[in-house]
Structure formats: structure tokens, C-alpha cells
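By convention in this document, chain letters (A, B, ...) are assigned in the order of the sequence lines, proteins followed by strands, and residues within each chain are numbered from 1.
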Protein chains: 2
Amino acid sequence: MNAAHKHKANILKALGHPIRFCIVEGLLAGEQNVGTMTHCTSVPQPTVSQHLNVLKAAGILKAERIGNEMHYSVCSAEARKIAAALK
Amino acid sequence: MNAAHKHKANILKALGHPIRFCIVEGLLAGEQNVGTMTHCTSVPQPTVSQHLNVLKAAGILKAERIGNEMHYSVCSAEARKIAAALK
DNA sequence: ATAGTATATATTAAAATATGAATATACGGA
DNA sequence: TCCGTATATTCATATTTTAATATATACTAT
């Protein structure tokens, strides 16, 4: 059980929550702002924000502010591969 | 966020722990008995057993007793794909 | 029957995570 | 500057996970 294991497990753990996995799939399909995710996941906006933070902390997402909105995107190749593997 | 999401998230969650991920990688590489896993992960045997239970409950492993030993193997195609994606 | 090896279960304490409500901040436009 | 919209943060609490220890079970060989 080395550092590589821990890194991979961290990514899996971050993705291992229904709301977060849903968010990532949505982002890979093109959605980008928090309002849309809130609808799509049907949880309150603050909850979405918290899960976005978890994903960001795990290095899976990056955020960019564009005017009033935040645009999130998946920046982890590993996360992309995992999502693809589960298609 | 539908049932499919929840199912996939469950598998990811089960794999999202360093010890469990290590166990699954080891099994995919050929190891099969608990003693070996205990060495490889360097945690006490009861801890390994508990993690094996989590993986079994998630439908990732199946167990078969052969004489004195238990032989575990990965029975989830999804888990195999995820591990392959992280190679 | 007994001893030894392999694995599982139970219990519990500590740590991590999730949930929900309330509030705060950032930005664009009137 | 003030308002409305979009998003983030804070905080308290509930729940879940994790790890450790001790103990129990299953099987083999003697």
C-alpha cells in the first residue's frame, strides 16, 4: 500500500458519492454552472457547493468565474477514465 | 441522480479506501489468501477481514473456502474496469 | 481429542463525513 | 449605491467509517 494507492483511492473516494458522481457525469456531458447541477441532482444549492469543494480538493475539478457564474470542469484524467469505464 | 448513479457510486466508494484498493489490485494480480493480503497491506488480519467484508457486501469480491484457506476473487466487471482505468 | 493455522466476528472508541439551516460574498445591472 | 441573482461559507448535529483489541470459528494434522 504505497503513495500511488493512496492517491488513486482518494480519487475513488471523492467519486464514491451519488451526488458527486452525478455532478462529474454532468460536467463531462457539458453542464457547467451550479444552478444546473442543483436542478439535476435535486439537492439544495449549498449542498452542491459543498460537494463541489470535495471534488476540487481531490483535484478532480477546477473552477473559473465567468461573470456571475462559476464554470466547473473536470481536470483529472483519472476521473475521466473512471467515468468512461463505468459508461 | 438515479439508481444507476447510486450503484456506481457504491462501487467507487467501496474501492475508495487505500487498503481496499490495495486488496483488489492484489487480487487482480493473482493473490488469493488473507495471509498474503495481511502482509501486503501491513495491517492486522482482522482489519483485512473487515475490509474484505465491505468489498464483498459491495458485490466486488466473492469468496471460496479451499481447505483451511479462503480464496477471494474479483467478481465485478465494473471493479475490473476501474482498476484497469487507473493502471 | 488436541494443537496449530487460517480466517471471521463482536465490541468499542475515535475520527471522518454527511446533512441542513442560516448567512455571507461576488458580481451585474438599474 | 442598492437590488437581484449566483455561489460560497459557517456551524451544529447526526451518521458512518475506521481501527484496535479480544475472542470465536473452521479446518488440518497428529
Side-chain angles (χ1 to χ4, degrees), chain A residues 1-2 5-24 26-27 30-75, chain B residues 1 5-24 26-27 30-75 79:
Chain A
M1 196 187 39
N2 51 36
H5 276 133
K6 285 180 192 161
H7 175 243
K8 292 172 185 174
N10 255 343
I11 293 178
L12 292 168
K13 184 178 177 186
L15 292 174
H17 185 288
I19 293 177
R20 292 198 292 266
F21 188 67
C22 182
I23 287 175
V24 170
L27 286 176
E31 297 161 18
Q32 282 180 319
N33 73 70
V34 180
T36 314
M37 300 177 206
T38 302
H39 276 121
C40 154
T41 58
S42 65
V43 298
Q45 174 270 319
T47 304
V48 171
S49 264
Q50 288 177 118
H51 286 297
L52 285 170
N53 262 338
V54 173
L55 289 166
K56 205 163 51 178
I60 291 175
L61 303 185
K62 68 184 206 308
E64 182 194 7
R65 177 176 287 278
I66 296 190
N68 211 4
E69 299 181 353
M70 298 293 289
H71 280 221
Y72 284 92
S73 56
V74 178
C75 64
Chain B
M1 195 187 41
H5 277 134
K6 286 180 189 161
H7 175 243
K8 292 172 185 174
N10 255 344
I11 293 178
L12 292 167
K13 183 179 178 186
L15 292 174
H17 185 287
I19 293 177
R20 290 196 294 266
F21 189 67
C22 181
I23 287 173
V24 170
L27 286 176
E31 296 161 19
Q32 281 178 321
N33 73 69
V34 179
T36 313
M37 301 177 206
T38 301
H39 277 120
C40 155
T41 58
S42 66
V43 297
Q45 173 270 318
T47 304
V48 171
S49 263
Q50 284 176 53
H51 285 297
L52 285 169
N53 264 337
V54 173
L55 289 166
K56 205 163 52 177
I60 291 174
L61 304 184
K62 68 184 204 310
E64 182 194 8
R65 177 176 287 278
I66 296 190
N68 213 4
E69 300 181 353
M70 298 294 288
H71 281 221
Y72 283 90
S73 56
V74 177
C75 64

Would one find a side-chain N or O of [X] under 4.0 angstrom from OP1 or OP2 of [N]?
| X | N | value |
| --- | --- | --- |
| B:Lys13 | D:dT17 | yes |
| A:Asn53 | D:dA8 | no |
| A:Tyr72 | D:dA8 | yes |
| B:His17 | D:dA19 | yes |
| A:His51 | C:dA18 | no |

Can you tell me how far CE of A:Met70 sits from OG of A:Ser49, rounded to the nearest 0.5 angstrom? 9.0 Å

Separation between CD of B:Gln32 and CG of B:Leu27, rounded to the nearest 0.5 Å: 7.5 Å

Nearest-angstrom distance from the residue atom [atom1] of [X] to [atom2] of [N]:
| X | N | atom1 | atom2 | result |
| --- | --- | --- | --- | --- |
| B:His39 | C:dT5 | NE2 | C1' | 13 Å |
| A:Met70 | C:dA26 | CE | P | 12 Å |
| A:Gln50 | D:dT15 | CD | P | 17 Å |
| A:Ile66 | D:dT7 | CD1 | P | 11 Å |
| A:Met37 | D:dA8 | CE | C1' | 13 Å |
| B:His71 | C:dA6 | NE2 | P | 12 Å |
| B:Leu12 | D:dT17 | CG | P | 15 Å |
| B:Leu55 | C:dT7 | CG | P | 16 Å |

Indicate, yes or no, whether a donor-acceptor pair under 3.5 Å links the base of D:dT5 to the side chain of A:Asn68. yes

Do A:Gln45 and D:dA8 share a donor-acceptor pair, side chain to base, under 3.5 Å?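 When only heavy-atom distances are counted, A:Gln45 does reach the base of D:dA8 through a donor-acceptor pair under 3.5 Å.
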
Of the nucleotides [options], which one has an atom closest to the side chain of [X]?
| X | options | value |
| --- | --- | --- |
| A:Arg65 | C:dA6, D:dT16, C:dA26 | C:dA26 |
| B:Asn33 | C:dA8, C:dT19, C:dT7 | C:dT7 |
| B:Thr47 | D:dA8, D:dA19, C:dA8 | D:dA19 |
| B:Glu69 | D:dA8, D:dT21, C:dA6 | C:dA6 |
| A:Ser49 | D:dT7, C:dG20, D:dA19 | D:dT7 |

With the side chain counted from C-beta on, respond yes when B:Leu52 and B:Met37 share a heavy-atom pair under 4.5 Å apart, and no when they do not.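 They are in contact (side-chain heavy atoms under 4.5 Å apart), so the answer is yes.
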
Which residue lies more 5' along DNA chain C, comparing A:Gly67 with A:Pro46 via nearest heavy atoms: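 Taking each residue's closest nucleotide, the earlier one in sequence belongs to A:Pro46.
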
How are the rings of A:His51 and A:His17 set to each other: parallel, tilted or perpendicular (split at 30° and 60°)? tilted

Does the side chain of B:Glu64 pick up a donor-acceptor pair with the side chain of B:His71 at under 3.5 Å? no

With B:Val48, which of B:Thr41, B:Asn53, B:Thr36 fulfils side chain to side chain contact (heavy atoms under 4.5 Å, CB included)? B:Thr41

